[in-house]
Trainee: 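Okay, here's the structure, questions in a sec.
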Amino acid sequence: MARPPDHSPVGHSPDGTGMEVEVELEAAAERLREERDEVRARLASMTTNLESLFAASVDSNADDEHDPEGQTIAYERSQFEALIQGARDRLAGIEAGLLRLEQGSYGICEVCHQPIPAARLDARPTARTCIQHASRIPD
């Protein structure tokens with residue numbers, strides 16, 4: 001794993017060894033990997049459910065406008081598609097966080113280049129900015 005910049009993003013090491021920062025970065029990496037695995041599993045499940053919904057509707061009346069069940073099927077499809085897109089976006093954010101860890105820029109605000117407070121990273125491990133700049137770049 002890449003060493004963090006001199007201005008430690010997620011902590012500081014009072015003894016100057018950098019060990020506390022390395023432990024925090026490894027914990028962040030593990031959390032991101034676990035979350036990535038969870039999102040991948042959820043995405044696979046939702047994709048399977050959407051495919052099942054498509055398969056089930058093949059034999060039904062394709063005219064949603066006049067089919068009493070049509071609006072429900074269209075609504076369910078739309079809901080699954082939105083959830084899948086949200087999961088894909090979340091996965092992309094997690095992958096980007098893991099890449100920042102590898103590059104040594106994790107925990108550094110992309111706007112002001114100052115360390116992102118550990119509390120923000122605990123709450124939102126994919127954060128790309130500090131709280132002050134959160135509205136400029138979505139996480």
Trainee: Nearest heavy-atom pair of V39 and A87: which atoms, and what distance?
Mentor: CG1-O, 3.4 Å

Trainee: If you measure from CD1 on I108 to CD on Q103, what distance do you get to the nearest 0.5 Å?
Mentor: 13.0 Å

Trainee: Quick one, R128 and I116 - any side-chain contact, counting heavy atoms below 4.5 Å?
Mentor: no

Trainee: Have a look at R40 and tell me which of E35, E95, E34 forms a salt bridge (charged side-chain N to carboxylate O under 4.0 Å, His left out) with it.
Mentor: E95

Trainee: Do H133 and C112 make a side-chain contact, defined as non-hydrogen atoms from C-beta onward lying under 4.5 Å apart?
Mentor: yes

Trainee: Does the side chain of T126 come within less than 4.5 Å of R90's, by heavy atoms?
Mentor: yes

Trainee: State the CG-CG distance between L32 and D37, to the nearest 0.5 angstrom.
Mentor: 11.0 Å

Trainee: To the nearest 0.5 angstrom, please state how far the CD atom of E26 sits from the CG atom of L101.
Mentor: 8.5 Å

Trainee: If every non-hydrogen atom of P125 is compared with every non-hydrogen atom of Y106, which pair is closest and at what distance?
Mentor: O-OH, 2.7 Å

Trainee: Just how far is it from atom CD1 of I84 to atom OG of S45, taken to the nearest 0.5 Å?
Mentor: 9.5 Å

Trainee: Looking only at heavy atoms, which two atoms of L121 and R31 are closest? And how far apart?
Mentor: O-NH1, 3.7 Å

Trainee: Has the side chain of R88 got a donor or acceptor atom that lies under 3.5 Å from a matching backbone atom of L43?
Mentor: no

